[in-house]
Each structure stands twice: as C-alpha cells, then as structure tokens.
Amino acid sequence: MQALDFALFGWINASASAPAWSIRFAVFASNVLPTLLALSIALAAAFDRRWRHAFFTALISVLVVWLVVNTFRSLLPFPRPAFYGLGIQWVPQGARPGFPSLHAAGTFAAAFSLLWCLPWRAPACAAIAMAALVAWSRLYLGLHFPSDVAGAAILGALVSMAVAHAGAIRPFVRSLRASRWARQARWRARARRGI
C-alpha cells in the first residue's frame, strides 16, 4: 500500500520543471478555495432558510472534522512526503503529521453538507468539485500523500452525513427562527404604535 502511495505521489507532485502558473494556481486552490466555499455558503445562508440549514451543518461538520483530524494526528502521527525525502514540497509545512489532510477534510465536509441538506444538486456538485481541486492541490504541492486526501474525503463525507442526519443543528436553527420571530414581533408592535 505504501509503495502505491509513494508511486501516485511521485506521479502527481509538481516537478522542478512545472510551470510557475501551475504552482500559483495550486497555492490558490489550497489556500483560497476553502475560504471561498465557506463565504459562498454563508452568503447564501443570509437569503434562504435551506442554505442556513446547510451552513450550520457545514459549520458543525468542519469543527468536528478539525477535532477528529487533530486527535488522530496526535495519536498516530503519519509523516508527510518530505519526511521520506520524496518530491518537492512547494509550500513549507514542517514536520507536522499529514494524515488525514485537514484542508481536504474540512472542504469535503462543507461540500458534502450541501449534498445532504439542499434539494438542489448543482451547488453540491460544484462544491465537491472545488473540494477535489483542493485535494489535488495538496498533492501537487507535495504536502500530502494520496491516502491523506482520500482519507480526508471519506472523513468529510461521513462526518457531514452524521451531523446532517443526527439533527445536531436543530437547536441552532430553532434559535435563529426564534430570534427572527422576536424581531418581527417587535417590528409589528412598533408599526402598530406608529413608531
């Protein structure tokens, strides 16, 4: 299994002859796309109740993924490719453990939250494609092995499914509805008084 991981990594990792634009694009995908996905979901949540449900599912899923990844890495610190002297590490990561990829796991958790929570498939498919691009960038930049991002994708999907189906976000949604109803009641009362 490790030999396959090493071989796939060597095939995907950008070599010294890689065009500079491809490295810049991979850095953009790795560092900016997860933030763009989060901001897109938050912006859509401001206008639609179903997106609010997806937003809170994604938020809780990403937090759970962060806890799981950091706990796993502290208990079983699998090294990154640079530890073995493999490939080129285009962005310094130090000697931190690499399994599973936190960037990929968080982005997949947010993307799969859309799949479980929204009635439309197009936003979820776009988000999953974005998460796959983030996962590719982590490999291309030499920061993770393929098993790191594959494990991250599975973890993100399972955590977001569990959060979506466990109803863990219902208290948040209820509190939002209650605060909205309270604001509307205050507004109606002011309107009746002529304020």
Any side-chain heavy-atom pair of [X] and [Y] under 4.5 Å:
| X | Y | result |
| --- | --- | --- |
| F25 | Y140 | no |
| Q89 | L141 | no |
| V91 | S30 | no |
| F72 | V69 | no |
| T107 | L33 | no |
| D148 | P100 | no |
| R80 | P97 | no |
| L139 | N13 | no |

Linking I/L/V/M/F/W/Y whenever their side-chain heavy atoms sit closer than 4.5 Å, directly or via other members, would [X] and [Y] fall into one cluster?
| X | Y | value |
| --- | --- | --- |
| V163 | V65 | yes |
| F47 | L59 | no |
| I154 | L75 | no |
| V68 | W66 | yes |
| V62 | M130 | no |

Is the side chain of R138 donor-acceptor paired with the backbone N or O of L143 at a distance under 3.5 Å, no angle test?
no

Using modelled atom types and a 3.5 Å cut-off, is there a donor and acceptor pairing between side-chain atoms of S22 and backbone atoms of A18?
no

Looking only at heavy atoms, which two atoms of [X] and [Y] are closest? And how far apart?
| X | Y | result |
| --- | --- | --- |
| A110 | A58 | CA-CB, 3.9 Å |
| V149 | A135 | CG1-O, 3.7 Å |
| F55 | A45 | CB-CB, 3.7 Å |
| L37 | A127 | CD1-CB, 3.7 Å |
| P81 | G142 | CG-O, 4.0 Å |
| P146 | D5 | CD-OD1, 3.2 Å |

Inter-residue atom distance [X].[atom1] - [Y].[atom2], 0.5 Å rounding:
| X | Y | atom1 | atom2 | answer |
| --- | --- | --- | --- | --- |
| N31 | S137 | CG | OG | 7.5 Å |
| L114 | R50 | CG | CZ | 13.0 Å |
| I128 | F112 | CD1 | CZ | 4.0 Å |
| S113 | I60 | OG | CD1 | 9.5 Å |
| H165 | C117 | NE2 | SG | 8.0 Å |
| L118 | I41 | CG | CD1 | 8.5 Å |

Might you confirm whether atom CZ of F28 has over 12 heavy atoms from other residues, nucleotides or ligands at distances under 6.0 Å?
yes

Are more than 12 heavy atoms, taken from residues, nucleotides or ligands other than W120, located less than 6.0 Å from that residue's CH2 atom?
yes

Could you walk me through whether L115 and M161 pass the side chain to side chain contact (heavy atoms under 4.5 Å, CB included) check?
CA-CA 9 Å; L115 183 66; M161 185 189 327; over 6 Å; no

Do the two ring centres, one from F6 and one from Y84, sit under 6.0 Å apart?
yes

Could you please spell out the steps behind the side chain to side chain contact (heavy atoms under 4.5 Å, CB included) verdict for W90 and V27?
CA-CA 9 Å; W90 290 94; V27 169; 5.8 Å; no

Picking from F99, F145, F83, what satisfies ring-ring contact (aromatic ring centres under 6.0 Å, His included) with F78?
F99

Can you find a side-chain donor-acceptor pair between W116 and S160 that sits under 3.5 Å?
yes

